[in-house]
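Notes follow once the structure below has been shown.
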Number of protein chains: 2
Amino acid sequence: MHNERLARAALSRLMEPQDSAGLALVQVAGALDALGIATGQLSYGPALEQELTGVLAEHSSTASWAGLGAALKRWAPRVPDLAPERDLATMQRLGGQLIIPGDDLWPDQLGDLGIHEPICLWWRGVEQELPAAAKSIALVGSRDSTSYGAAVTGDLAYALAQRGFTVVSGGAYGIDAHAHRAALAGSSESMPTIAVMAGGVDRFYPSGNEDLLRAVANQGAVLAEVPPGSAPTRYRFLQRNRLIAALASVTVVVEARWRSGALNTAHHAESLGRAVGAVPGSVHSANSAGCHRLLRDGGAICVTDAGEVAELAAPSGDFLPDPRDGSSAVHDGLTLEDLILLDALPLRSTSSVEKLCTVAGLGPEAVRAGLGRLGLLGLAESRNGGWKRSKNAG
Amino acid sequence: MHNERLARAALSRLMEPQDSAGLALVQVAGALDALGIATGQLSYGPALEQELTGVLAEHSSTASWAGLGAALKRWAPRVPDLAPERDLATMQRLGGQLIIPGDDLWPDQLGDLGIHEPICLWWRGVEQELPAAAKSIALVGSRDSTSYGAAVTGDLAYALAQRGFTVVSGGAYGIDAHAHRAALAGSSESMPTIAVMAGGVDRFYPSGNEDLLRAVANQGAVLAEVPPGSAPTRYRFLQRNRLIAALASVTVVVEARWRSGALNTAHHAESLGRAVGAVPGSVHSANSAGCHRLLRDGGAICVTDAGEVAELAAPSGDFLPDPRDGSSAVHDGLTLEDLILLDALPLRSTSSVEKLCTVAGLGPEAVRAGLGRLGLLGLAESRNGGWKRSKNAG
């Protein structure tokens, strides 16, 4: 088990996230032999190559597959830099650790990624299992958020944390930071929020969020699949997004431009069969254009408050949104004839049954019966032999 | 034909809009005999009653059907007030007219209402056929619109009129008024906008919109199914909404509260199989809550500009929305490996192929091939034997 951990630590430095050939090799040969083969210390035969092709075909991942030889060439330049013991020591010094599939702390929902489940996770945070997907909600959006986006994110994250949800985000400026901050403020539980980083967790990046991410690590978790010292490249940002989507049952895009990394996270969530929510905003705001795009493309559901987001996490009805206004309109449920009659009733003076027949276009029997029903509902009252509308009839 | 016209004029006063029994009677017996029966001048046998039951059952409209006798009692109080010649004279004095099914001016799309097609329409406007549904778009919303709703309605109506669409609305304060006004301003064609009224068209109601509605009548049309002198009751507002929905191929709700008559129009449109659009807005605005409700309930499509609305009217692609930004991002279409390589290229200094192999985690052949591709795309350039990212690579 110790060797398995070391091997996975080394593999995570050798291979970029979602390196299909590498992930297939780990699946087929196991982490230890995969490392041996990837570093050229173990030889392999055509049978392995064939098996890898089969696994990749099964996951429709043969597009970039050019044989194991090509993959070995890709990994070779990094082999001299491997020092997994040093990486693990670095994590220990920072109070962190490495977790691998099968560990108690490993979040099972990452298994939904199939072959693209990460090899390991570098972890700084409280030693506590991550919540299941059903209790996790991803809030993502632009770095250059508006005051509207900040306010909505704050409201959502705070209220979701108060309902016992864990808020997952990416630790960036803007929407991400507002989400982490409000979740920390709103939660009385021990895992209010998780930040999934694109670069190594030895550094809290970006530096302007250093204090915030330290607080996330103290009360929640800061995770990455790349080892300490890794730079947060654009490619790694895009791959990181799949982890955010996979950890949560719902991904909500609060604000996003027409082109935005947050949309990439939403697409990952969709392809995992997770629910996607989008917060609407002004059609004049470029920062809501991406949200509206998601709503138009049909994949996302319009969410306007924490209740509606929670409902997506538990569509069984466990978290029904609060009804918008408790009192239904007083006219709900009236028959058409009674509604016509109500319209015909004067508010100030009174009217005879005969007059009501003419105004409402109803027969005398219908008018009398209708007046009786409206009277019982408190919508009509008789006065001096005539009828008028009650004050509370609106 | 003259008698048919007079009979329908009379029937429209006798019967409230969407009086199923009355409409079935007109369908079975024709307008002339229907009027005779409804006024008690013609007798009828059980065969007619049976036929009516059949017609109503066919249209699932038996809910309020209590036999023709009950209907006659409902109509009887209004019989003494019938004076269709006077009503027609009133319309003529106002420069208006009565149109009935089969007239050249009759909008065929109202036939989609089936048995609930109106008996006639009282018309003030230019003598010109109404456009087909495909060229008509309904813009509806709250009376108490916000400045946001006013701005969006103005933009939509103006741009739709400029594209040759006719804007249909209800002549009320708020969104309706903004829609009519902007359509009048935006159109160079002869039928920019149509107002469908809940009360008689002898009065331009509400009085604050009198000038506006006069302008609509001068350049477009002001219509109602109820005769001159009819009050705009709540019931008639709800029935009127089905005409707005039926006249247009698309109903767009720009702003609406959680409970709003505009949602009623949207539901009419849905049940007619017409497209429904909803304009998103701030989640903090009660005036957008009804729009978000429509988006959540799944029936409405998120629309943010006139192009997207036009697309709903012509889903065949005749009116494609303008692409949000013409230039696609420069990285679109790059393979994952090339994207990784691009990330690895320094912006200021240069890097050797060997170094790039380590940083990018790619083999030397892949790096050389990738640099060639990025160079061709203008994303990478070689300098002094090394490679750097081009300035336009973003």
Side-chain angles (χ1 to χ4, degrees), chain A residues 14-16 18-19 64 70-78 80-81 148 151-152 231 233-236 238 258-259 279-284 288-289 291-293 295-296 301-305 308 324-325 329 331 335-337 339-340 342-344 354 357-366, chain B residues 14-16 18-19 64 70-78 80-81 148 151-152 231 233-236 238 258-259 279-284 288-289 291-293 295-296 301-305 308 324-325 329 331 335-337 339-340 342-344 354 357-366:
Chain A
L14 214 52
M15 300 164 179
E16 284 293 318
Q18 216 173 328
D19 180 325
S64 60
L72 289 178
K73 275 196 192 149
R74 190 161 71 229
W75 301 325
R78 287 181 178 171
D81 292 342
Y148 172 69
V152 175
T233 62
R234 185 161 18 201
Y235 174 79
R236 289 173 185 154
L238 293 174
W258 187 252
R259 288 177 181 286
V279 174
S282 167
V283 301
H284 300 136
S288 287
C291 294
H292 299 152
R293 186 182 188 183
L295 290 173
R296 278 179 61 74
I301 291 154
C302 176
V303 290
T304 65
D305 62 24
E308 291 175 353
R324 202 55 48 124
D325 49 1
H331 315 104
T335 64
L336 287 187
E337 287 202 353
L339 191 55
I340 293 176
L342 184 63
D343 282 337
E354 202 177 26
C357 289
T358 311
V359 175
L362 296 170
E365 282 164 34
Chain B
L14 214 53
M15 301 163 179
E16 284 293 318
Q18 215 171 333
D19 180 325
S64 59
L72 289 178
K73 274 194 193 149
R74 190 162 69 228
W75 301 326
R78 286 181 179 172
D81 291 343
Y148 171 70
V152 175
T233 61
R234 184 161 21 199
Y235 174 80
R236 290 173 184 154
L238 293 174
W258 186 253
R259 289 179 178 284
V279 174
S282 166
V283 301
H284 300 136
S288 288
C291 294
H292 299 152
R293 185 182 188 182
L295 289 174
R296 278 178 61 74
I301 291 155
C302 177
V303 289
T304 66
D305 61 26
E308 292 175 353
R324 202 55 50 121
D325 50 0
H331 316 103
T335 65
L336 287 187
E337 287 201 354
L339 192 55
I340 293 176
L342 185 62
D343 282 338
E354 201 176 27
C357 289
T358 311
V359 174
L362 296 170
E365 281 164 35

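First the proteins, then the strands, lettered A, B, ... as listed; each starts at 1. None of the values given here were measured: they were computed from a predicted structure.
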Item checked: Flag side-chain contact, heavy atom, 4.5 Å: B/H284 against A/V152 -> yes
Notebook entry, point to check: Considering only heavy atoms from C-beta outward, does the side chain of A/V279 approach that of A/T304 to under 4.5 Å?
Noted result: no
What part of [X] is in contact with chain A, defined as an atom under 4.5 angstrom from a non-hydrogen atom: side chain, backbone, both or neither?
X      : answer
B/L72  : neither
B/A360 : backbone
B/E365 : side chain

Counting distance only, does the side-chain N/O of [X] pair as donor-acceptor with the main-chain N or O of [Y] below 3.5 Å?
X      : Y      : answer
A/H292 : A/G281 : yes
B/D343 : A/Y235 : yes
A/R78  : B/T358 : yes

Check: Pick from A/S288, A/P280, A/A70, A/A151: which one has the most heavy-atom pairs with chain B under 4.5 Å?
Finding: A/P280
Item checked: Portion of A/D81 that has a non-hydrogen atom of chain B nearer than 4.5 angstrom -> side chain
Margin query: Counting heavy-atom pairs under 4.5 Å with chain A, which one of B/A366, B/C357, B/A231 comes out on top?
Written below: B/C357
